[in-house]
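Model, not experiment: these values are computed from the prediction.
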Amino acid sequence: MTALPAFRPSRWAPLAALLTTSVLLTACGSGSGDDSSGGGGRAKSGGTLTFAVGSDAGCVDPQQVASNDTIYSVRQIVDSLTDQDPRTGKIVPWLARSWDISADATTFTFHLRPGVTFSDGSKLTAQVVKDNFDAVPKLGALGTLAEGYLSGVRSTTAVGPLTVKVTFRQPNAQFLQATSTHSLGIESSASVRKSPQQKCSEGVVGSGPFVLKQYVQNQSVTLGRRTGYDWGSALWSKKGEAYLDKLVFKVVPEAGVRAGSLQSGQVDAISSVGKANEAALKGGHVTLRSRANPGVVFGLGLDNALPLLKDTKVRQAISAAVDRKQIADTVFPTGTQPATSILAHTTPGYTDLSSGLAFDAARAESLLDQAGWKAGGDGIRTKGGKKLTLTISWFPNAATNQPALELVQQQLKAVGIDVVLKQLPVTQFATTVQSGDFDVVWGNTTRADPDILRSSFSTQLGNFYHLPASSLDTALSAQAATTDTAKRRQLVGEAQRLIVQNAYDVPVVELQTQLGVADRVHGLAFDSGSRVQLHDTWIG
């Protein structure tokens, strides 16, 4: 592993404490099978890794993609300024050799590695980084994650050929971790000049260890090894080019078909292992690898401006009516945990609020009674002649979504709430959330930093769930501004409590990434966001 640069203590120390102490909670979850050691013999170059995923987001631009199945492929195309150790949470060099952070965390200066090139032959410079960060806020509907990471930026300046300075209007403790994400992966100047739609359909040029060769929507993504690659993350064990010649990501929606393809040797790895397929896969030459995703858990995102859902008691009743353990145990992979907060337990600053998320059907019925919703002859409650009906929009980007929601549907019906399930194409997820055209939407957001709460729930940002302005905004803004570890943890805890107590969102289950990987595949590692990094992966 490359030696880390000596950071300047006076500038680095406060934020280093924040980003290493609190992020220790992102260590691997239950049953994590990292296999980054490359066991199984001597590592060798060559070969094709075929990876079956369950869905396609309809976009191959890393800065616009938020669906895990697509992130697995597009992450290999771009490098980031930094990387984050999934075991310790420490931020380490990648395209940036070192960085300086002002004492108040408003200015971040990155010193880039020399000699880095994009696959079109152009060079990485400070100006290219500036162009990327200037363009991100203009991405539109699909670029909400990246845009959130750069919210409040005052300017990005190329202060030298390989030195770039990013200045924020207010302290922004989350930004260093944000530079390690795929959402802020650096693309060539030519790619930056494309429209967001062109980038989605045609792909982008990155400096990463693999190059996009072909994209056939809803069918496959094919990548080739980047010749001459020599600027990998400090976390990677192999220096220089990747081992594998080629990566093929095939879209196979059915979990059973993916599992059968892995068992028969047609593919080398699969995403989203179905619970029903676990036993069969364990009996073959396959390893199941899992890691809980940090960030906002899978749950019911409520439109808090909807007349029905403006009533706190109705929202709280929905939360109390959900039996999270039943859903986790019945539908999801072995080891999946029911939500005990709005954040997963692997997220920095997580607070256990399980007592506030306990299943209590009697309480749910009492709250609905108090809100004026009375049981009708068919069991569905009514008020003012209208039935208590909600539509949950969902997307088939995971095999567990439909069965989980069918259980939610049954649980809510038991207390008198009628639920209609509305399936939409995966490609419409971002636009649906941005447009606000939903009653309730099922989803999660992965990020190994608690600032994901601000991105998701602050009324000063996207406010996709139409929350009212409240003390939650104060807590979310303050946690992003402090470099004091204890203070930030306190504020993040307060934000979680406010979300759970007011049921602005209904957390249901932690997403656990579970992959099936053939025993012949070595060095396939989870990154800090529980996605995969394939530079060190080889077949033997």
inquiry  = So that I can tick it off, tell me whether R531 and D527 are bridged by a salt bridge, with the cut-off set at under 4.0 angstrom between side-chain N and carboxylate O.
reply    = no

query = Quick check: are there more than 12 heavy atoms from other residues, nucleotides or ligands sitting under 6.0 Å from CG of D437?
reply = no

Test item: N68 and T513 side chains (from C-beta on) under 4.5 Å apart, heavy atoms = yes

task = Decide salt bridge (Lys or Arg N to Asp or Glu O under 4.0 Å) for R447 and D451; before the verdict, give the C-alpha distance in whole Å, the side-chain angles of both, and the deciding distance to 0.1 Å.
result = CA-CA 8 Å; R447 188 187 178 190; D451 194 63; 3.8 Å; yes

inquiry  = Side chains of Q370 and S366: any donor to acceptor distance under 3.5 Å?
reply    = yes

request  = Indicate whether any N or O donor in one side chain lies under 3.5 Å from an N or O acceptor in the other, for Q402 and E406.
outcome  = yes

key: CG on N502 to CZ on R497, rounded to 0.5 Å   = 12.5 Å

ask   = Taking the side chain as C-beta and beyond, is there a heavy-atom pair between L306 and L390 under 4.5 Å?
value = yes

query = Just how far is it from atom CZ of R324 to atom CG of D329, taken to the nearest 0.5 Å?
reply = 13.5 Å

ask   = Does E510 use its side chain to pair, donor to acceptor, with the backbone of V297 at less than 3.5 Å?
value = no

inquiry  = Any heavy-atom pair between the side chains of V492 and T351 that's under 4.5 Å?
reply    = no

task = May I ask you to test the L498-S470 pair for a side-chain heavy-atom distance under 4.5 Å?
result = no

query = Do you know which of V508, T400, N401 makes side-chain contact (heavy atoms from CB on, under 4.5 Å) with F298?
reply = N401

key: K199 and Q63: side chain donor to acceptor below 3.5 Å   = yes

request  = Establish, from distance only, whether the side-chain atoms of T482 and D484 form a donor-acceptor pair under 3.5 Å.
outcome  = no

ask   = Is any side-chain heavy atom of W373 less than 4.5 Å from a side-chain heavy atom of L367?
value = no

query = Between D505 and I342, is any pair of side-chain heavy atoms under 4.5 Å apart?
reply = yes

task = Mind checking the CD-CG spacing from E147 to L184? Nearest 0.5 Å is all I need.
result = 11.5 Å

ask   = For residues S80 and R75, is any side-chain donor paired with an opposing acceptor at under 3.5 Å?
value = yes

query = When you measure from the side chain of R169 to the backbone N and O of V153, does any donor-acceptor pair fall under 3.5 Å?
reply = yes

ask   = Are side-chain N/O atoms of D83 and S180 paired as donor and acceptor at under 3.5 Å?
value = no

note = Which of P171, S155, S102 passes side-chain contact (heavy atoms from CB on, under 4.5 Å) with T107? Answer is S102

task = Return yes if a side-chain donor-acceptor contact under 3.5 Å exists between T432 and S393, otherwise no.
result = no

message = Between S530 and A292 (side chain of the first, backbone of the second, donor and acceptor by atom type, cut-off under 3.5 Å), is there such a pair?
response = yes

ask   = Taking the six-membered ring for Trp, are Y504 and Y465 ring centroids under 6.0 Å apart?
value = no

message = Can you tell me how the ring of Y350 sits relative to the ring of H345, calling it parallel under 30°, perpendicular over 60° and tilted otherwise?
response = perpendicular

query = Are side-chain N/O atoms of H466 and N304 paired as donor and acceptor at under 3.5 Å?
reply = no

Parallel, tilted or perpendicular: ring planes of F429 versus F395, cut at 30 and 60 degrees = perpendicular

ask   = Distance from L412 atom CG to L388 atom CG, nearest 0.5 Å?
value = 9.0 Å

message = Checking side-chain polar atoms at under 3.5 Å, does Q496 have a donor or acceptor matched by the opposite partner on S341?
response = yes

query = Can you name the nearest heavy-atom pair linking H111 to D100, along with the distance?
reply = NE2-OD2, 2.9 Å

Modelled atom types, side-chain donor and acceptor of T485 and R488, under 3.5 Å = no

message = Has R291 got a side-chain atom pairing as donor or acceptor with P86's backbone, closer than 3.5 angstrom?
response = yes

message = Quick check on the 6.0 Å ring-centre criterion: do F168 and F175 meet it?
response = yes

Distance-only donor-acceptor check, side chains Q170 and N172, under 3.5 Å = no

key: Candidates I186, I71, V78 - the one meeting side-chain contact (heavy atoms from CB on, under 4.5 Å) with P62   = V78

request  = Output the distance between atom OG (S207) and atom CG (D79), rounded to the nearest 0.5 Å.
outcome  = 3.5 Å

request  = Could you check Q316 against Q501 for side chain to side chain donor-acceptor pair (under 3.5 Å), going step by step and ending with a plain yes or no?
outcome  = CA-CA 8 Å; Q316 291 171 333; Q501 288 171 2; over 6 Å; no

key: Backbone of V128 reached by a side-chain donor or acceptor of N132 within 3.5 Å   = yes

query = Per the ring pair (Phe, Tyr, Trp, His ring centres under 6.0 Å) rule, which among W231, W236, W99 passes with W94?
reply = W236

query = Closest heavy-atom contact between A135 and V192?
reply = CB-CG1, 3.7 Å

ask   = Between Q337 and V509, does a side chain to side chain contact (heavy atoms under 4.5 Å, CB included) hold up when you go through it step by step?
value = CA-CA 6 Å; Q337 297 189 23; V509 64; over 6 Å; no

Polar contact flag, side-chain donor to acceptor under 3.5 angstrom, S67-D69 = no

request  = Could you tell me whether a side-chain N or O of D449 sits under 3.5 Å from a main-chain N or O of Q174, the two making a donor and an acceptor?
outcome  = no

key: Under 3.5 Å donor-acceptor, T431 side chain and Q428 backbone   = yes

Backbone of S455 reached by a side-chain donor or acceptor of S458 within 3.5 Å = no

ask   = Is the backbone N or O of T156 less than 3.5 Å from a side-chain atom of K130, with the two atoms forming a donor-acceptor pair by type?
value = yes

key: Heavy atoms from other residues, nucleotides or ligands near NZ of K313 exceed 12 (cutoff 6.0 Å)   = no

message = Using side-chain heavy atoms (C-beta onward) and a distance below 4.5 Å, is F464 in contact with T144?
response = yes

inquiry  = Between T347 (side chain only) and L343 (backbone N and O only), is there a donor and an acceptor less than 3.5 Å apart?
reply    = no

message = side chain to side chain donor-acceptor pair (under 3.5 Å), that's the test. Do Q460 and R454 meet it? Break it down for me.
response = CA-CA 9 Å; Q460 298 166 17; R454 186 171 63 101; over 6 Å; no

message = Given T109, which partner from the list V164, T163, T167, T157 fulfils the side-chain contact (heavy atoms from CB on, under 4.5 Å) test?
response = T163

OG1 on T181 to CG on L145, rounded to 0.5 Å = 8.0 Å

query = Considering only heavy atoms from C-beta outward, does the side chain of D61 approach that of P196 to under 4.5 Å?
reply = no

task = Determine whether the side chains of Q479 and R489 contain a donor N or O and an acceptor N or O closer than 3.5 Å.
result = no

